[in-house]
Amino acid sequence: MNKMLQLLGLAMRARKVVSGEELVIQEIRSGKARLVFLATDAAKNVEKKVTDKCSSYGVPLIRYGTRGELGVAIGKEERVVIAILDEGFARSFRKLSSN
(Lines give C-alpha, C1' and ligand atoms only; values in the text may rest on other atoms or scores of the structure.)
Protein backbone atom coordinates (compact mmCIF):
# COMPACT_ATOMS: atom_id res chain seq x y z
CA MET A 1 0.00 0.00 0.00
CA ASN A 2 1.40 3.40 -0.91
CA LYS A 3 1.80 6.49 1.30
CA MET A 4 -1.38 8.17 0.05
CA LEU A 5 -3.57 5.21 1.00
CA GLN A 6 -1.75 4.74 4.33
CA LEU A 7 -2.34 8.40 5.20
CA LEU A 8 -5.99 7.99 4.24
CA GLY A 9 -6.27 5.12 6.73
CA LEU A 10 -4.63 7.25 9.41
CA ALA A 11 -7.05 10.12 8.75
CA MET A 12 -9.95 7.65 9.01
CA ARG A 13 -8.74 6.40 12.40
CA ALA A 14 -8.44 10.04 13.50
CA ARG A 15 -12.11 10.52 12.49
CA LYS A 16 -11.25 13.24 9.97
CA VAL A 17 -12.85 11.46 6.99
CA VAL A 18 -16.38 11.42 5.59
CA SER A 19 -17.32 9.09 2.74
CA GLY A 20 -20.32 8.67 0.51
CA GLU A 21 -21.65 11.07 -2.11
CA GLU A 22 -24.38 12.81 -0.11
CA LEU A 23 -22.33 13.19 3.08
CA VAL A 24 -19.37 14.58 1.14
CA ILE A 25 -21.59 17.08 -0.70
CA GLN A 26 -23.05 18.14 2.66
CA GLU A 27 -19.54 18.72 4.11
CA ILE A 28 -18.50 20.72 1.03
CA ARG A 29 -21.57 22.94 1.41
CA SER A 30 -20.97 23.45 5.14
CA GLY A 31 -17.35 24.50 4.50
CA LYS A 32 -15.87 21.66 6.57
CA ALA A 33 -14.35 19.69 3.67
CA ARG A 34 -10.70 20.64 3.15
CA LEU A 35 -9.98 18.16 0.35
CA VAL A 36 -12.00 15.65 -1.67
CA PHE A 37 -10.85 12.37 -3.18
CA LEU A 38 -12.70 11.08 -6.22
CA ALA A 39 -12.08 7.54 -7.48
CA THR A 40 -10.74 7.28 -11.02
CA ASP A 41 -13.52 4.80 -11.85
CA ALA A 42 -16.37 7.03 -10.62
CA ALA A 43 -19.55 7.23 -12.72
CA LYS A 44 -19.77 10.28 -14.99
CA ASN A 45 -22.79 11.77 -13.18
CA VAL A 46 -21.10 11.49 -9.76
CA GLU A 47 -17.88 12.88 -11.22
CA LYS A 48 -19.67 15.92 -12.64
CA LYS A 49 -21.68 16.56 -9.46
CA VAL A 50 -18.63 16.38 -7.19
CA THR A 51 -16.26 18.35 -9.45
CA ASP A 52 -18.86 21.10 -9.95
CA LYS A 53 -19.53 21.33 -6.21
CA CYS A 54 -15.81 21.41 -5.37
CA SER A 55 -15.06 24.10 -7.93
CA SER A 56 -17.97 26.31 -6.84
CA TYR A 57 -16.97 26.05 -3.14
CA GLY A 58 -13.21 26.20 -3.76
CA VAL A 59 -12.42 22.76 -2.35
CA PRO A 60 -9.34 21.01 -3.83
CA LEU A 61 -10.08 17.73 -5.60
CA ILE A 62 -7.73 14.80 -6.15
CA ARG A 63 -8.56 12.03 -8.61
CA TYR A 64 -6.92 9.00 -7.05
CA GLY A 65 -7.25 5.23 -6.92
CA THR A 66 -10.15 2.97 -7.71
CA ARG A 67 -13.29 2.73 -5.60
CA GLY A 68 -11.98 -0.56 -4.22
CA GLU A 69 -8.60 0.92 -3.21
CA LEU A 70 -10.23 3.91 -1.50
CA GLY A 71 -12.62 1.63 0.38
CA VAL A 72 -9.87 -0.69 1.58
CA ALA A 73 -7.76 2.30 2.71
CA ILE A 74 -10.49 3.49 5.08
CA GLY A 75 -11.60 0.00 6.12
CA LYS A 76 -15.00 0.08 4.41
CA GLU A 77 -16.60 -1.27 1.27
CA GLU A 78 -16.01 0.45 -2.05
CA ARG A 79 -16.02 4.25 -1.80
CA VAL A 80 -16.18 6.63 -4.75
CA VAL A 81 -15.96 9.95 -2.89
CA ILE A 82 -14.10 10.79 0.32
CA ALA A 83 -13.77 14.16 2.06
CA ILE A 84 -10.92 15.08 4.40
CA LEU A 85 -12.09 17.37 7.22
CA ASP A 86 -8.71 18.34 8.71
CA GLU A 87 -6.42 21.00 7.21
CA GLY A 88 -3.25 19.23 8.39
CA PHE A 89 -4.19 15.99 6.66
CA ALA A 90 -5.34 17.92 3.56
CA ARG A 91 -1.96 19.68 3.39
CA SER A 92 -0.15 16.34 3.65
CA PHE A 93 -2.27 14.83 0.85
CA ARG A 94 -1.64 17.84 -1.41
CA LYS A 95 2.11 17.54 -0.79
CA LEU A 96 2.04 13.80 -1.60
CA SER A 97 -0.02 14.31 -4.76
CA SER A 98 2.36 16.97 -6.10
CA ASN A 99 5.36 14.61 -5.84
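The analysis underlying the following values was restricted to heavy atoms, covering all of them including side chains, and did not include hydrogens, waters or symmetry mates. None of these values were measured; they are calculated from a predicted model.
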Chemist: Pair V59, L35 - check side-chain contact (heavy atoms from CB on, under 4.5 Å), show working.
Modeler: CA-CA 6 Å; V59 177; L35 177 74; 5.5 Å; no
Chemist: Any side-chain heavy atom of R79 within less than 4.5 Å of one from I74?
Modeler: yes
Chemist: I'd like to check I28 versus C54 (side-chain heavy atoms, cut-off strictly below 4.5 Å). Are they in contact?
Modeler: yes
Chemist: Set out, in order, the CA-CA distance, both residues' side-chain angles and the distance that settles side-chain contact (heavy atoms from CB on, under 4.5 Å) for V80 and E21, then state yes or no.
Modeler: CA-CA 8 Å; V80 175; E21 183 183 345; over 6 Å; no
Chemist: According to salt bridge (Lys or Arg N to Asp or Glu O under 4.0 Å), who are the partners of E78, at least two apart in sequence or on a separate chain?
Modeler: none
Chemist: Any chain of hydrophobic side-chain contacts (each under 4.5 Å) joining L70 to L7?
Modeler: yes
Chemist: Are V46 and Y57 connected in a single hydrophobic cluster, I mean Ile/Leu/Val/Met/Phe/Trp/Tyr linked by side-chain heavy atoms less than 4.5 Å apart?
Modeler: yes
Chemist: side-chain contact (heavy atoms from CB on, under 4.5 Å), that's the test. Do L10 and F89 meet it? Break it down for me.
Modeler: CA-CA 9 Å; L10 186 62; F89 278 115; 4.2 Å; yes
Chemist: With sequence neighbours left out, write down each residue that passes side chain to side chain donor-acceptor pair (under 3.5 Å) with E77, or none if nothing qualifies.
Modeler: none
Chemist: Checking side-chain contact (heavy atoms from CB on, under 4.5 Å) for the pair V36/I84: CA distance, chi angles, key distance, verdict?
Modeler: CA-CA 6 Å; V36 173; I84 306 300; over 6 Å; no
Chemist: Do K95 and S92 make a side-chain contact, defined as non-hydrogen atoms from C-beta onward lying under 4.5 Å apart?
Modeler: no
Chemist: Hey, quick one: are L38 and Y64 part of the same hydrophobic cluster, counting side-chain heavy atoms closer than 4.5 Å, chains of contacts allowed?
Modeler: no
Chemist: Does the E69 side chain pair with the main chain of T66, one donor and one acceptor, at a distance under 3.5 Å?
Modeler: yes
Chemist: Under the ring-ring contact (aromatic ring centres under 6.0 Å, His included) rule, collect the residues that match up with F93, sequence neighbours excluded.
Modeler: F37
Chemist: Run the side chain to side chain donor-acceptor pair (under 3.5 Å) test against R63 and tell me which residues pass, sequence neighbours left out.
Modeler: E47
Chemist: Assigning hydrophobic clusters by single linkage (Ile, Leu, Val, Met, Phe, Trp, Tyr; side-chain heavy-atom cutoff under 4.5 Å), is M12 placed with L96?
Modeler: yes
Chemist: Would the distance check show the side chain of D86 and the main-chain N or O of K16 forming a donor-acceptor pair, the cut-off being under 3.5 Å?
Modeler: no
Chemist: Is the shortest distance from a Lys or Arg side-chain nitrogen in E22 or K49 to a carboxylate oxygen in the other one below 4.0 Å?
Modeler: yes
Chemist: Just to verify, what does R94 make a side chain to side chain donor-acceptor pair (under 3.5 Å) with, not counting sequence neighbours?
Modeler: E87
Chemist: Main chain of D41, side chain of R67: is a donor-acceptor contact present, judged purely on distance under 3.5 Å?
Modeler: yes
Chemist: Are the side chains of R34 and R91 in touch, meaning some heavy atoms are under 4.5 Å apart?
Modeler: no
Chemist: Could you pull out all residues at least two apart from K48 that satisfy side-chain contact (heavy atoms from CB on, under 4.5 Å)?
Modeler: D52
